[in-house]
Peer 1: 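Following this message is one structure expressed as structure tokens.
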Amino acid sequence: MARWSSPKDPALEAALRRNRRWVVNNQIKRLLLRFPSRTAPVRFLQSRFKTLDLMGRAANWLGKYPSCFEVFSADDGGGEQEPHFGFTKRMAALVHAEEAAVAASEPAMADRLARVLMLARGRRLQVSKLAALRSPLGLPDDYLLRLVPANTDLFRLTNPYPHRRNAAELELVRWAPSLAVSAVEAASDSTPRFSCSLPASWVKSHAKMEDFNASTPYISPYSEWALPGTDAEAEKRSVALVHELLSLTLWRKMSILKLEHFRREFGLPEDTARMLLRHPCLFYVSNRYKIHTVVLREGYEGSELREKDPVVLAKDRLGELMQEGLHEYNQRRRGMNIEKKRRRGEVEVKKEKEVEDEEAARLDSAEKREERRRFYKVLFGDGNR
């Protein structure tokens with residue numbers, strides 16, 4: 001993989017930062033949803049802390065998000081009381097709204113999944129590998145149980161190698177011509193061509209994009225698999241395939257590591273990252289948190305998605321509640337710090353308002369940045385995910 005990234009785009013970097021910010025709480029949410037009561041012992045969460053790349057006490061983590069999680073005492077099954085945790089009423093309502101959005105989006109999910117299979121060599125993919133695309137495509141954990149039985153005319157589960165573990169494959173039953181239209185083709189009035197999403201001041205990049213469009217005709221990623229006649233044709237098809245795959249993701253982005261995981265199935269070049277960097281008009285490559293991520297530029301207006309799927313909107317509302325909870329926690333901690341200083345005589349009562357203002361400003365700058373740094377270090381410290 002290339003060891004560099006695109007010139008920094010502050011807007012897209014902000015989008016990546018926001019999208020990744022609440023990974024851990026979403027994982028905790030998914031853990032709770034496995035329990036019929038949607039409550040679990042705090043010790044259960046503590047036992048999963050390492051898998052969540054967290055350190056410290058689970059109760060402390062939950063305390064940082066009082067608007068999302070509540071901690072209470074309940075029977076441990078043996079007559080003893082122990083701490084349990086669950087969703088607050090507001091969080092439960094948003095989780096329910098997210099589940100409703102996912103259920104309503106099942107037809108769209110089936111279309112996206114079918115398109116991905118249509119892009120793949122042999123129109124099939126290993127189920128174990130598809131797990132890497134589940135989150136980018138916005139598929140729920142039980143997507144196979146939801147989508148395959150309801151769309152037997154599109155999907156079929158097969159196992160060509162019964163003696164091998166994890167050999168099950170999801171196969172496309174029939175070709176769907178109505179789905180075999182790429183985002184580039186849908187956006188073009190006549191001859192399909194790539195458009196440059198960089199500002200007009202990037203003259204050289206615009207010129208290179210024009211040359212790339214003129215070099216060979218656009219090759220649909222849904223066209224029949226064949227060995228490209230020239231290197232230019234091979235790159236044109238690979239660029240078209242990555243562009244289409246990113247267009248199918250909810251957030252118009254994907255880890256390059258995940259993308260290269262499907263190099264053989266999608267016929268991508270040996271060094272996919274280098275190819276992406278050759279086309280800055282289309283793709284933005286970031287190395288935030290030491291994770292190479294490719295973003296489809298045309299999918300964003302500044303730091304905001306141009307089009308938001310209903311599932312994305314539901315997840316955004318969850319993120320806003322989590323942000324509110326963290327803000328509430330920081331406010332409470334700020335008040336406790338002021339009270340400690342008052343008791344030590346470091347804060348004069350007559351200057352309390354002044355001190356509160358100074359404390360707020362300080363925490364909103366240096367300390368808040370340090371809190372974020374520690375937060376991201378915990379989440380993404382290994383840099384390999």
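As the structure is a computational prediction, the values presented were derived from the model and not from experiment.
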Peer 1: May I ask you to decide whether E265 forms a salt bridge with R124, counting only side-chain N to carboxylate O separations under 4.0 Å?
Peer 2: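 Looking at E265 and R124, the cut-off is not met.
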Peer 1: Can you list the steps and then say if T293 with N287 is a side-chain contact (heavy atoms from CB on, under 4.5 Å)?
Peer 2: CA-CA 6 Å; T293 302; N287 191 27; over 6 Å; no
Peer 1: What pair of heavy atoms forms the shortest contact from M209 to C196, and how long is it?
Peer 2: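 Taking every non-hydrogen atom into account, CG-CB, 4.1 Å.
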Peer 1: State whether the number of non-hydrogen atoms from other residues, nucleotides or ligands found under 6.0 Å of R57 atom CZ is greater than 12.
Peer 2: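 Not buried by this count: 12 neighbours or fewer within 6.0 Å.
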Peer 1: Would a single hydrophobic cluster contain both V184 and L198, if residues Ile, Leu, Val, Met, Phe, Trp and Tyr are joined by side-chain heavy-atom contacts under 4.5 Å?
Peer 2: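 In one cluster: no.
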Peer 1: Would you say H261 has more than 12 foreign heavy atoms packed within less than 6.0 Å of its NE2?
Peer 2: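 More than 12 within 6.0 Å, yes.
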Peer 1: Ring centres of F266 and F262 under 6.0 Å apart?
Peer 2: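 That pair passes the under 6.0 Å test.
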Peer 1: Write down the atom of E70, the atom of F87, and the distance for their closest heavy-atom approach.
Peer 2: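 Looking at all heavy atoms of both residues, the closest pair is OE2-O, 3.4 Å.
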Peer 1: According to a 4.5 Å side-chain heavy-atom criterion applied to Ile, Leu, Val, Met, Phe, Trp and Tyr, with indirect links allowed, do L144 and V173 form part of one hydrophobic cluster?
Peer 2: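 As far as the 4.5 Å side-chain criterion goes, V173 and L144 are not connected within one cluster.
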Peer 1: Heavy-atom count check: over 12 atoms from other residues, nucleotides or ligands less than 6.0 Å from R264 CZ?
Peer 2: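 Incorrect, the count does not exceed 12.
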Peer 1: In terms of side-chain geometry, is the basic nitrogen of E270 or R274 positioned less than 4.0 Å from the acidic oxygen of its partner?
Peer 2: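 Between R274 and E270 there is no salt bridge, as every charged N stays at least 4.0 Å from the carboxylate O atoms.
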Peer 1: Between Y222 and E185, do the side chains contain a donor N or O and an acceptor N or O under 3.5 Å apart?
Peer 2: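 Y222 and E185 do not have a side-chain donor-acceptor pair below 3.5 Å.
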Peer 1: Counting only heavy atoms not in K258, do more than 12 fall under 6.0 Å of its NZ?
Peer 2: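 Buried by this count: over 12 neighbours within 6.0 Å.
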Peer 1: Could you walk me through whether M91 and L318 pass side-chain contact (heavy atoms from CB on, under 4.5 Å), step by step?
Peer 2: CA-CA 7 Å; M91 182 73 169; L318 283 168; 3.7 Å; yes
Peer 1: Report yes if some heavy atom in the side chain of V116 is under 4.5 Å from a heavy atom in the side chain of L137; otherwise report no.
Peer 2: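 SC-SC contact between V116 and L137 confirmed.
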Peer 1: Check for a donor-acceptor pair, side chain of R193 on one end and backbone N or O of A214 on the other, with a separation under 3.5 Å.
Peer 2: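 Such a contact is absent between R193 side chain and A214 backbone.
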Peer 1: Out of curiosity, E304 CD to D316 CG, how far, rounded to the nearest 0.5 Å?
Peer 2: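 E304 CD to D316 CG: 7.5 Å, rounded to 0.5 Å.
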Peer 1: Would you name the heavy atoms of P269 and T272 that are closest together and state the gap between them?
Peer 2: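 Heavy-atom minimum between the residues: O-OG1, 3.1 Å.
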Peer 1: So, R306 side chain and E298 main chain: donor-acceptor pair closer than 3.5 Å or not?
Peer 2: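 Between the backbone of E298 and the side chain of R306 there is a qualifying donor-acceptor contact (under 3.5 Å).
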Peer 1: Centroid-to-centroid, Y218 to F194, below 6.0 Å?
Peer 2: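 For Y218 and F194, the ring centres are under 6.0 Å apart.
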Peer 1: L113 and L157: same hydrophobic cluster, using ILVMFWY side-chain contacts below 4.5 Å?
Peer 2: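 Per the 4.5 Å side-chain linkage, L113 and L157 are co-clustered.
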Peer 1: May I ask you to test the R48-L31 pair for a side-chain heavy-atom distance under 4.5 Å?
Peer 2: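 Sidechains of L31 and R48: in contact.
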Peer 1: Distance from L45 atom CG to L32 atom CG, nearest 0.5 Å?
Peer 2: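 Reported value, rounded in 0.5 Å steps: 8.0 Å.
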Peer 1: Using a strict 4.0 Å threshold on nitrogen-to-oxygen distance, state whether K129 and E169 make a salt bridge.
Peer 2: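 Not counted as a salt bridge, because no side-chain N and carboxylate O are separated by less than 4.0 Å.
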Peer 1: Identify the heavy atoms of H84 and D75 that sit nearest to each other, and give their distance.
Peer 2: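 Minimum heavy-atom separation between H84 and D75: CE1-O, 3.8 Å.
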Peer 1: Atom OG in S67, atom CG in L94: separation rounded to 0.5 Å?
Peer 2: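 These two atoms lie 9.5 Å from each other.
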Peer 1: So if you build clusters from Ile, Leu, Val, Met, Phe, Trp, Tyr with side-chain heavy-atom gaps below 4.5 Å, do V95 and F35 land together?
Peer 2: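 Result: yes, single cluster for both.
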Peer 1: Any non-hydrogen side-chain atom of C281 less than 4.5 Å from a side-chain atom of R297?
Peer 2: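 Counting from C-beta outward, C281 and R297 never come under 4.5 Å.
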Peer 1: Do N26 and M322 have side chains that approach each other closer than 4.5 Å (heavy atoms only, starting at C-beta)?
Peer 2: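 Yes, close enough: below the 4.5 Å cut-off.
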Peer 1: Please check if atom CD in E307 has more than 12 non-hydrogen atoms from other residues, nucleotides or ligands closer than 6.0 Å.
Peer 2: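 Incorrect, the count does not exceed 12.
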Peer 1: Under a 4.5 Å cut-off applied to non-hydrogen side-chain atoms, are Q126 and L130 in contact?
Peer 2: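 No, too far: nothing below the 4.5 Å cut-off.
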Peer 1: I want to check something: taking the side chain as every heavy atom from C-beta on, are L170 and L125 in contact at a cut-off of under 4.5 Å?
Peer 2: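 No. Closest side-chain heavy atoms not under 4.5 Å.
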Peer 1: Search all heavy atoms of A11 against all heavy atoms of S303 and return the closest pair with its distance.
Peer 2: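 Closest heavy-atom pair between A11 and S303: O-CB, 3.1 Å.
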Peer 1: Hey, is the main chain of A234 close enough, under 3.5 Å, to the side chain of S238 for a donor-acceptor pair?
Peer 2: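 Checking the backbone N and O of A234 against the side chain of S238, a donor-acceptor pair under 3.5 Å is found.
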Peer 1: Between Y300 and Y284, does a ring pair (Phe, Tyr, Trp, His ring centres under 6.0 Å) hold up when you go through it step by step?
Peer 2: CA-CA 11 Å; Y300 284 82; Y284 175 70; 9.7 Å; no
Peer 1: As an exercise, state the distance from CG of L296 to CG of L245, rounded to the nearest 0.5 Å.
Peer 2: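 That separation rounds to 10.5 Å.
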Peer 1: Rounded to the nearest 0.5 Å, how far apart are CD of E224 and CH2 of W175?
Peer 2: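 The distance works out to 6.5 Å.
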Peer 1: Can you tell whether the side chains of R112 and D309 come within less than 4.0 Å, N to carboxylate O?
Peer 2: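 Salt bridge: yes.
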Peer 1: Stepwise, does the salt bridge (Lys or Arg N to Asp or Glu O under 4.0 Å) test hold for R38 with E99?
Peer 2: CA-CA 14 Å; R38 299 195 171 183; E99 291 176 328; 2.6 Å; yes
Peer 1: Run the salt-bridge test on K253 and E13 with the 4.0 Å N-O cut-off and return the result as yes or no.
Peer 2: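 A salt bridge is absent here (no side-chain N lies under 4.0 Å from a carboxylate O).
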Peer 1: Would you find a donor on one side and an acceptor on the other, under 3.5 Å apart, between the side chain of D9 and the backbone of L12?
Peer 2: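 Side chain of D9 to backbone of L12: a pair is present.
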Peer 1: Between OG of S195 and CG of N213, what distance do you get to the nearest 0.5 Å?
Peer 2: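 Rounded to the nearest 0.5 Å, the OG-CG separation comes out at 8.5 Å.
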Peer 1: Is a side-chain N or O of H206 found less than 3.5 angstrom from the main chain of P199, in a donor-acceptor match?
Peer 2: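 The answer is yes, because a donor-acceptor pair under 3.5 Å joins these two groups.
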Peer 1: Evaluate the side-chain proximity of F85 to F72: yes if any heavy-atom separation is below 4.5 Å, no if none is.
Peer 2: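 With C-beta onward as the side chain, the pair stays apart.
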Peer 1: S47 side chain to F44 main-chain N or O, any donor-acceptor pair under 3.5 Å?
Peer 2: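 Side chain of S47 to backbone of F44, a donor-acceptor pair under 3.5 Å: yes, one is there.
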Peer 1: For V42 versus A59, what's the shortest heavy-atom pair and its separation?
Peer 2: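 Taking every non-hydrogen atom into account, CG1-N, 4.0 Å.
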Peer 1: With clusters defined by side-chain heavy atoms of hydrophobic residues (ILVMFWY) lying less than 4.5 Å apart, directly or transitively, does V148 cluster with M118?
Peer 2: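 Result: yes, single cluster for both.
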Peer 1: Donor-acceptor pair, distance only, cut-off 3.5 Å: does the side chain of K236 make one with the backbone of S220?
Peer 2: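 Side chain of K236 to backbone of S220, a donor-acceptor pair under 3.5 Å: no, none is there.
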Peer 1: Does a side-chain N-to-carboxylate-O contact under 4.0 Å join R317 and E98?
Peer 2: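 Looking at E98 together with R317, the answer is no, because their closest N to O distance does not fall below 4.0 Å.
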Peer 1: Run the salt-bridge test on R123 and E171 with the 4.0 Å N-O cut-off and return the result as yes or no.
Peer 2: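 E171 and R123: not salt-bridged.
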Peer 1: Taking D141 as the fixed residue, which of R146, R34, R30 is the one that meets the salt bridge (charged side-chain N to carboxylate O under 4.0 Å, His left out) rule?
Peer 2: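 Single salt bridge (charged side-chain N to carboxylate O under 4.0 Å, His left out) partner of D141 among R146, R34, R30: R30.
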Peer 1: So F283 and H279, would you call those rings parallel, tilted or perpendicular, with 30° and 60° as cut-offs?
Peer 2: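 F283 vs H279 ring planes: perpendicular.
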Peer 1: Can you confirm whether V242 sits close enough to M275 that some side-chain heavy atom of one is under 4.5 Å from a side-chain heavy atom of the other?
Peer 2: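 Result yes, sub-4.5 Å side-chain heavy-atom pair found.
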